[in-house]
Amino acid sequence: QLQLVQSGGGLVQPGGSLRLSCAASGFSIDLHAIGWFRQAPGKEREGVSCINSASGGTSTHYADSVKGRFTVSRDNAKNTVALQMDNLKLEDTAVYYCAAAWGCGYRLSQSDFNYWGQGTQVTVSS
């Protein structure tokens, strides 16, 4: 069974950092692009970042709202992808999801992604 299992998240003050992890089960994460999405209360889910597989040049894409603050990276040996979130802002509060696709681009189109993690809460609050 193909699964993405997320860990990390939690409560942090503005300016703080959190690290989310997305682990693949039943498939090799290094063959897929992995995207990160988030959904804030009352808002639509939006793309945050993605990283392509080696065949896609391991290229990365970020939403303008997180550029310079979030970093997506791979650990293929552990079959995981991480999202390091620094200098968190109140508006970063949301449920974060990872998802797998064959490839991803700057549009971070959700329709490209076939498998989704369970979601994890990130709350930025003073």
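Since the model is a prediction, treat every value here as computed from it, not as a measurement.
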For D92, which residues count as a side chain to side chain donor-acceptor pair (under 3.5 Å) partner, sequence neighbours excluded? R38, R69

So C50 and V72, do their side chains get closer than 4.5 Å, heavy atoms only? no

Looking at E91, I'd like to know if its CD atom is crowded, meaning that more than 12 non-hydrogen atoms belonging to other residues, nucleotides or ligands lie closer than 6.0 Å. yes

Common cluster, V66/M85, ILVMFWY with side-chain heavy-atom separation under 4.5 Å: yes

Of the non-hydrogen atoms in Q84 and S17, which two are nearest, and what is the gap between them? NE2-CB, 3.9 Å

What closest approach, in Å, do P14 and L90 show between heavy atoms, and which atom pair accounts for it? CG-CD2, 3.8 Å

Are Y62 and L18 connected in the hydrophobic side-chain network, where two residues link if heavy atoms are under 4.5 Å apart? yes

Which residues pass the side chain to side chain contact (heavy atoms under 4.5 Å, CB included) test with D30, not counting sequence neighbours? S28, N76

Working for side chain to side chain donor-acceptor pair (under 3.5 Å), residues S55 and S53: CA-CA 5 Å; S55 63; S53 64; 2.9 Å; yes

Value rounded to 0.5 Å, distance of CG in L20 from OH in Y96: 7.5 Å

In Å, rounded to the nearest 0.5 Å, how long is the span from CG of N79 to CZ of R74? 9.5 Å

To the closest 0.5 Å, what do you measure between CD1 (I29) and CD1 (I51)? 9.5 Å

Atom CZ of R107 and atom NE2 of H61: how far apart are they, to the nearest 0.5 Å? 11.0 Å

With rounding to the nearest 0.5 Å, note down the distance linking SG in C98 to CD1 in I34. 6.5 Å

Is the shortest heavy-atom distance from the side chain of S73 to the side chain of R19 under 4.5 Å? yes

Is the count of non-hydrogen atoms from other residues, nucleotides or ligands lying under 6.0 Å from F27 atom CZ greater than 12? yes

Option from V12, L11, T93 for which side-chain contact (heavy atoms from CB on, under 4.5 Å) with S125 holds: L11

When rounded to the nearest 0.5 angstrom, what distance separates CH2 in W36 from OG1 in T120? 8.0 Å

Can a donor-acceptor pair be found, under 3.5 Å and without considering hydrogens, that links the side chain of Q118 to the backbone of Q6? yes

For A33 and N52, the nearest pair of non-hydrogen atoms, with its separation, is CB-OD1, 3.6 Å

Taking the side chain as everything from C-beta on, heavy atoms only, tell me whether L88 gets closer than 4.5 Å to F70. yes

Are T80 and D75 close enough that a side-chain donor and a side-chain acceptor fall under 3.5 Å? no

Between L83 and S49, the two heavy atoms sitting closest are CD1-CB, 4.2 Å

List the atom of F113, the atom of G35, and the distance in Å for their closest heavy-atom pair. CE2-N, 3.3 Å

If Ile, Leu, Val, Met, Phe, Trp and Tyr residues are connected whenever their side-chain heavy atoms lie under 4.5 Å apart, and connections chain through other members, are Y97 and V124 in the same group? no

